[in-house]
Amino acid sequence: QKEVEQDPGPLSVPEGAIVSLNCTYSNSAFQYFMWYRQYSRKGPELLMYTYSSGNKEDGRFTAQVDKSSKYISLFIRDSQPSDSATYLCAMKEAGNNRKLIWGLGTSLAVNP
Amino acid sequence: GAVVSQHPSWVICKSGTSVKIECRSLDFQATTMFWYRQFPKQSLMLMATSNEGSKATYEQGVEKDKFLINHASLTLSTLTVTSAHPEDSSFYICSARMSSGQPQHFGDGTRLSIL
(Lines give C-alpha, C1' and ligand atoms only; values in the text may rest on other atoms or scores of the structure.)
Protein backbone atom coordinates (compact mmCIF):
# COMPACT_ATOMS: atom_id res chain seq x y z
CA GLN A 1 0.00 0.00 0.00
CA LYS A 2 1.29 3.43 -0.94
CA GLU A 3 1.67 6.04 1.77
CA VAL A 4 -0.57 8.43 -0.15
CA GLU A 5 -3.41 7.31 -2.39
CA GLN A 6 -5.01 9.60 -4.97
CA ASP A 7 -7.39 8.64 -7.75
CA PRO A 8 -5.74 9.70 -11.03
CA GLY A 9 -9.09 10.25 -12.77
CA PRO A 10 -9.61 11.72 -15.28
CA LEU A 11 -12.40 13.77 -13.78
CA SER A 12 -14.59 15.73 -16.18
CA VAL A 13 -17.13 18.31 -14.97
CA PRO A 14 -19.18 21.10 -16.56
CA GLU A 15 -18.23 24.70 -15.97
CA GLY A 16 -19.69 26.02 -12.70
CA ALA A 17 -19.70 22.65 -10.96
CA ILE A 18 -18.29 22.04 -7.50
CA VAL A 19 -15.26 19.78 -7.73
CA SER A 20 -14.17 17.49 -4.92
CA LEU A 21 -10.65 16.05 -4.96
CA ASN A 22 -9.38 13.67 -2.30
CA CYS A 23 -6.36 11.87 -0.93
CA THR A 24 -6.04 9.23 1.72
CA TYR A 25 -2.89 8.39 3.61
CA SER A 26 -1.59 5.78 5.99
CA ASN A 27 1.10 7.62 8.00
CA SER A 28 -0.45 9.17 11.12
CA ALA A 29 2.71 11.24 11.63
CA PHE A 30 1.96 13.53 8.68
CA GLN A 31 1.43 17.08 9.96
CA TYR A 32 1.66 19.32 6.88
CA PHE A 33 -0.76 18.94 3.99
CA MET A 34 -0.57 20.66 0.62
CA TRP A 35 -2.46 20.88 -2.62
CA TYR A 36 -0.65 21.84 -5.80
CA ARG A 37 -2.01 22.51 -9.26
CA GLN A 38 0.11 21.53 -12.26
CA TYR A 39 -0.61 22.59 -15.80
CA SER A 40 0.87 20.59 -18.65
CA ARG A 41 4.62 21.16 -19.06
CA LYS A 42 4.76 23.47 -16.03
CA GLY A 43 5.90 23.15 -12.45
CA PRO A 44 3.42 22.63 -9.59
CA GLU A 45 1.80 25.74 -8.15
CA LEU A 46 0.94 25.82 -4.46
CA LEU A 47 -2.80 26.23 -3.88
CA MET A 48 -3.32 25.38 -0.23
CA TYR A 49 -1.08 24.68 2.74
CA THR A 50 -2.50 23.35 5.99
CA TYR A 51 -0.91 22.38 9.26
CA SER A 52 -2.66 19.62 11.22
CA SER A 53 -6.46 19.26 11.04
CA GLY A 54 -9.15 21.69 10.02
CA ASN A 55 -10.46 23.68 7.11
CA LYS A 56 -8.86 26.47 5.13
CA GLU A 57 -10.53 28.65 2.53
CA ASP A 58 -8.96 30.81 -0.17
CA GLY A 59 -11.29 32.26 -2.75
CA ARG A 60 -12.97 29.41 -4.63
CA PHE A 61 -10.77 26.80 -2.97
CA THR A 62 -11.37 25.03 0.34
CA ALA A 63 -9.01 22.49 1.83
CA GLN A 64 -10.08 20.07 4.55
CA VAL A 65 -7.92 17.79 6.66
CA ASP A 66 -9.42 14.97 8.73
CA LYS A 67 -6.54 13.36 10.58
CA SER A 68 -8.78 10.89 12.39
CA SER A 69 -9.80 9.42 9.03
CA LYS A 70 -6.45 10.12 7.36
CA TYR A 71 -8.28 11.91 4.58
CA ILE A 72 -7.77 15.28 2.91
CA SER A 73 -9.96 17.09 0.42
CA LEU A 74 -9.82 20.05 -1.91
CA PHE A 75 -13.06 21.65 -3.05
CA ILE A 76 -13.26 23.99 -6.01
CA ARG A 77 -16.42 26.10 -6.25
CA ASP A 78 -17.74 27.61 -9.48
CA SER A 79 -15.17 25.67 -11.50
CA GLN A 80 -13.77 27.33 -14.62
CA PRO A 81 -12.16 25.91 -17.77
CA SER A 82 -8.91 27.48 -16.54
CA ASP A 83 -9.04 25.09 -13.57
CA SER A 84 -8.37 22.20 -15.98
CA ALA A 85 -5.08 20.76 -14.73
CA THR A 86 -3.61 17.99 -12.63
CA TYR A 87 -4.09 18.41 -8.87
CA LEU A 88 -1.46 16.88 -6.64
CA CYS A 89 -1.72 16.34 -2.91
CA ALA A 90 1.45 16.24 -0.86
CA MET A 91 2.15 15.81 2.81
CA LYS A 92 5.03 15.53 5.24
CA GLU A 93 5.95 14.86 8.82
CA ALA A 94 7.26 17.62 11.05
CA GLY A 95 11.01 18.01 11.03
CA ASN A 96 13.62 19.63 8.84
CA ASN A 97 14.74 16.51 7.02
CA ARG A 98 11.32 15.08 6.21
CA LYS A 99 10.52 14.98 2.53
CA LEU A 100 7.22 15.53 0.79
CA ILE A 101 5.22 12.42 -0.01
CA TRP A 102 3.13 12.91 -3.14
CA GLY A 103 -0.10 11.54 -4.48
CA LEU A 104 -0.16 10.53 -8.15
CA GLY A 105 -2.31 13.54 -9.05
CA THR A 106 -5.88 13.79 -10.34
CA SER A 107 -6.44 15.05 -13.86
CA LEU A 108 -9.37 17.49 -13.99
CA ALA A 109 -11.13 18.79 -17.09
CA VAL A 110 -13.71 21.57 -16.73
CA ASN A 111 -15.81 21.77 -19.86
CA PRO A 112 -17.30 25.08 -21.03
CA GLY B 1 5.37 36.41 -3.64
CA ALA B 2 7.46 33.22 -3.43
CA VAL B 3 8.54 33.11 -7.06
CA VAL B 4 11.01 30.51 -8.27
CA SER B 5 12.61 30.91 -11.66
CA GLN B 6 14.13 27.97 -13.51
CA HIS B 7 16.26 28.25 -16.62
CA PRO B 8 16.39 27.01 -19.32
CA SER B 9 12.84 25.82 -19.86
CA TRP B 10 13.79 23.49 -22.68
CA VAL B 11 17.11 22.14 -23.89
CA ILE B 12 18.01 19.70 -26.64
CA CYS B 13 21.55 18.46 -26.89
CA LYS B 14 23.69 15.63 -28.15
CA SER B 15 24.58 12.57 -26.14
CA GLY B 16 27.71 13.09 -24.06
CA THR B 17 27.08 16.79 -23.45
CA SER B 18 26.85 18.25 -19.95
CA VAL B 19 23.84 20.43 -19.23
CA LYS B 20 23.44 22.97 -16.43
CA ILE B 21 20.03 23.99 -15.07
CA GLU B 22 19.62 27.03 -12.81
CA CYS B 23 17.05 27.54 -10.10
CA ARG B 24 16.60 30.94 -8.47
CA SER B 25 14.31 32.16 -5.72
CA LEU B 26 13.47 35.68 -6.85
CA ASP B 27 11.78 37.26 -3.85
CA PHE B 28 12.83 35.17 -0.86
CA GLN B 29 15.86 33.48 0.60
CA ALA B 30 15.77 29.71 0.31
CA THR B 31 17.60 27.80 3.00
CA THR B 32 16.74 24.58 1.20
CA MET B 33 16.27 23.75 -2.46
CA PHE B 34 15.09 20.51 -3.99
CA TRP B 35 15.52 18.85 -7.36
CA TYR B 36 12.87 16.57 -8.79
CA ARG B 37 12.43 14.51 -11.89
CA GLN B 38 9.02 13.82 -13.39
CA PHE B 39 8.12 11.23 -15.99
CA PRO B 40 4.97 11.59 -18.13
CA LYS B 41 1.75 11.05 -16.19
CA GLN B 42 3.67 10.34 -12.99
CA SER B 43 4.20 12.25 -9.81
CA LEU B 44 7.38 14.01 -8.81
CA MET B 45 10.40 11.95 -7.82
CA LEU B 46 12.80 13.66 -5.43
CA MET B 47 16.39 13.45 -6.62
CA ALA B 48 18.24 15.50 -4.02
CA THR B 49 17.95 18.09 -1.29
CA SER B 50 20.45 20.90 -0.97
CA ASN B 51 21.06 23.34 1.85
CA GLU B 52 22.94 26.54 1.17
CA GLY B 53 26.66 26.06 1.71
CA SER B 54 26.40 22.30 2.28
CA LYS B 55 26.74 19.24 0.12
CA ALA B 56 23.52 17.96 -1.37
CA THR B 57 21.79 14.90 0.01
CA TYR B 58 20.90 12.49 -2.76
CA GLU B 59 18.03 10.03 -2.74
CA GLN B 60 18.74 6.34 -3.08
CA GLY B 61 19.49 5.36 -6.66
CA VAL B 62 20.47 8.86 -7.82
CA GLU B 63 24.08 9.07 -8.98
CA LYS B 64 25.77 12.03 -7.35
CA ASP B 65 28.56 12.06 -9.94
CA LYS B 66 25.98 12.16 -12.71
CA PHE B 67 23.79 14.86 -11.24
CA LEU B 68 26.00 17.55 -9.71
CA ILE B 69 24.20 20.00 -7.44
CA ASN B 70 25.59 23.29 -6.22
CA HIS B 71 23.77 25.57 -3.78
CA ALA B 72 26.22 28.43 -3.48
CA SER B 73 23.84 31.12 -2.24
CA LEU B 74 20.46 31.52 -0.58
CA THR B 75 18.86 32.31 -3.93
CA LEU B 76 20.61 30.02 -6.42
CA SER B 77 21.01 26.30 -6.91
CA THR B 78 22.27 24.55 -10.04
CA LEU B 79 21.89 21.02 -11.32
CA THR B 80 24.43 19.80 -13.86
CA VAL B 81 23.66 16.62 -15.75
CA THR B 82 27.09 15.37 -16.73
CA SER B 83 27.72 13.36 -19.89
CA ALA B 84 24.02 13.18 -20.56
CA HIS B 85 22.55 10.20 -22.41
CA PRO B 86 19.09 9.61 -23.92
CA GLU B 87 17.90 7.87 -20.75
CA ASP B 88 18.47 11.15 -18.89
CA SER B 89 15.80 12.81 -21.00
CA SER B 90 13.08 13.96 -18.64
CA PHE B 91 11.33 16.91 -17.01
CA TYR B 92 13.47 18.32 -14.21
CA ILE B 93 11.85 20.63 -11.64
CA CYS B 94 13.39 22.57 -8.78
CA SER B 95 11.72 23.92 -5.68
CA ALA B 96 12.77 26.23 -2.88
CA ARG B 97 11.70 26.59 0.71
CA MET B 98 12.32 29.39 3.21
CA SER B 99 12.39 27.23 6.30
CA SER B 100 11.35 23.83 7.59
CA GLY B 101 7.75 24.74 8.39
CA GLN B 102 7.14 26.51 5.08
CA PRO B 103 5.89 24.94 1.85
CA GLN B 104 8.01 24.35 -1.22
CA HIS B 105 7.58 26.67 -4.19
CA PHE B 106 8.36 25.29 -7.61
CA GLY B 107 9.98 26.52 -10.77
CA ASP B 108 8.38 25.86 -14.14
CA GLY B 109 10.65 22.95 -14.94
CA THR B 110 13.23 22.16 -17.61
CA ARG B 111 12.44 19.76 -20.39
CA LEU B 112 15.69 17.97 -21.24
CA SER B 113 15.95 16.01 -24.49
CA ILE B 114 19.15 14.13 -25.24
CA LEU B 115 19.57 12.98 -28.82
Side-chain angles (χ1 to χ4, degrees), chain A residues 2-11 21 23-25 29-52 56 58 61 63 65 72 74 85-109, chain B residues 1-11 21 23-25 28 30-52 54 56-60 62 90-113:
Chain A
K2 291 184 179 178
E3 274 191 287
V4 178
E5 299 275 3
Q6 184 177 9
D7 186 340
L11 181 62
L21 303 165
C23 289
T24 59
Y25 62 95
F30 286 144
Q31 294 282 351
Y32 296 91
F33 303 90
M34 285 136 275
W35 285 96
Y36 287 87
R37 176 175 63 193
Q38 186 175 23
Y39 292 111
S40 181
R41 300 175 183 265
K42 293 288 187 182
E45 172 193 3
L46 180 68
L47 289 176
M48 301 294 277
Y49 178 62
T50 309
Y51 172 71
S52 195
K56 188 171 185 179
D58 185 0
F61 299 93
V65 175
I72 69 170
L74 178 71
T86 296
Y87 289 80
L88 296 147
C89 65
M91 47 199 82
K92 70 183 280 287
E93 299 179 28
N96 192 41
N97 296 324
R98 299 300 183 180
K99 60 182 180 181
L100 282 182
I101 307 300
W102 294 86
L104 277 178
T106 299
S107 177
L108 171 67
Chain B
V3 179
V4 176
S5 173
Q6 189 173 338
H7 179 81
S9 58
W10 196 5
V11 59
I21 303 169
C23 180
R24 294 180 184 271
S25 56
F28 67 99
T31 55
T32 309
M33 287 186 166
F34 305 82
W35 288 94
Y36 291 85
R37 188 170 177 176
Q38 188 176 34
F39 294 100
K41 304 220 182 272
Q42 293 190 24
S43 193
L44 287 78
M45 183 185 78
L46 180 65
M47 298 175 65
T49 301
S50 75
N51 293 295
E52 185 263 340
S54 303
T57 302
Y58 290 81
E59 294 298 302
Q60 191 173 9
V62 178
S90 192
F91 190 50
Y92 292 88
I93 316 175
C94 74
S95 70
R97 184 182 73 188
M98 280 180 269
S99 61
S100 174
Q102 298 296 312
Q104 294 179 31
H105 299 277
F106 287 81
D108 267 345
T110 297
R111 189 160 302 279
L112 176 62
S113 297

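By convention in this document, chain letters (A, B, ...) are assigned in the order of the sequence lines, proteins followed by strands, and residues within each chain are numbered from 1.
- Only the side chain of Tyr36(A) comes within less than 4.5 Å of a heavy atom in chain B; its backbone stays farther off.
- With sequence neighbours excluded, no residue forms a salt bridge (Lys or Arg N to Asp or Glu O under 4.0 Å) with Glu5(A).
- At a heavy-atom cut-off of under 4.5 Å, chain A is reached by Ile93(B), Arg97(B), Ser100(B), Gly101(B) from residues 93-101 of chain B, listed in order of number.
- Rounded to the nearest 0.5 Å, atoms OH (Tyr32(A)) and CD (Gln104(B)) are 13.0 Å apart.
- In this structure, no portion of Phe34(B) lies under 4.5 Å from any heavy atom of chain A.
- Counted within 6.0 Å of CZ on Arg111(B), heavy atoms from surrounding residues, nucleotides or ligands total more than 12; the atom is thus considered enclosed.
- Proximity to chain B (any heavy atom under 4.5 Å) is shown, for Lys42(A), by both the backbone and the side chain.
- Put simply, the side chain of Leu88(A) reaches to within 4.5 Å of the side chain of Leu44(B), judged on heavy atoms.
- Interface remark: Gln102(B) contributes backbone atoms only to the contact with chain A (heavy atom separation under 4.5 Å).
- Comparing Glu45(A), Arg98(A), Met34(A), Lys99(A) by how many heavy-atom pairs each has under 4.5 Å with chain B, the most go to Lys99(A).
- For Pro44(A) against Phe106(B), the heavy-atom pair with the smallest separation is O-CB, 3.2 Å.
- Contact tally against chain B (heavy-atom pairs below 4.5 Å) for Pro8(A), Gly43(A), Ala90(A): the top residue is Gly43(A).
- Neither the backbone nor the side chain of Gln6(A) comes within contact range of chain B; no heavy atom of the residue lies under 4.5 Å from a heavy atom of that chain.
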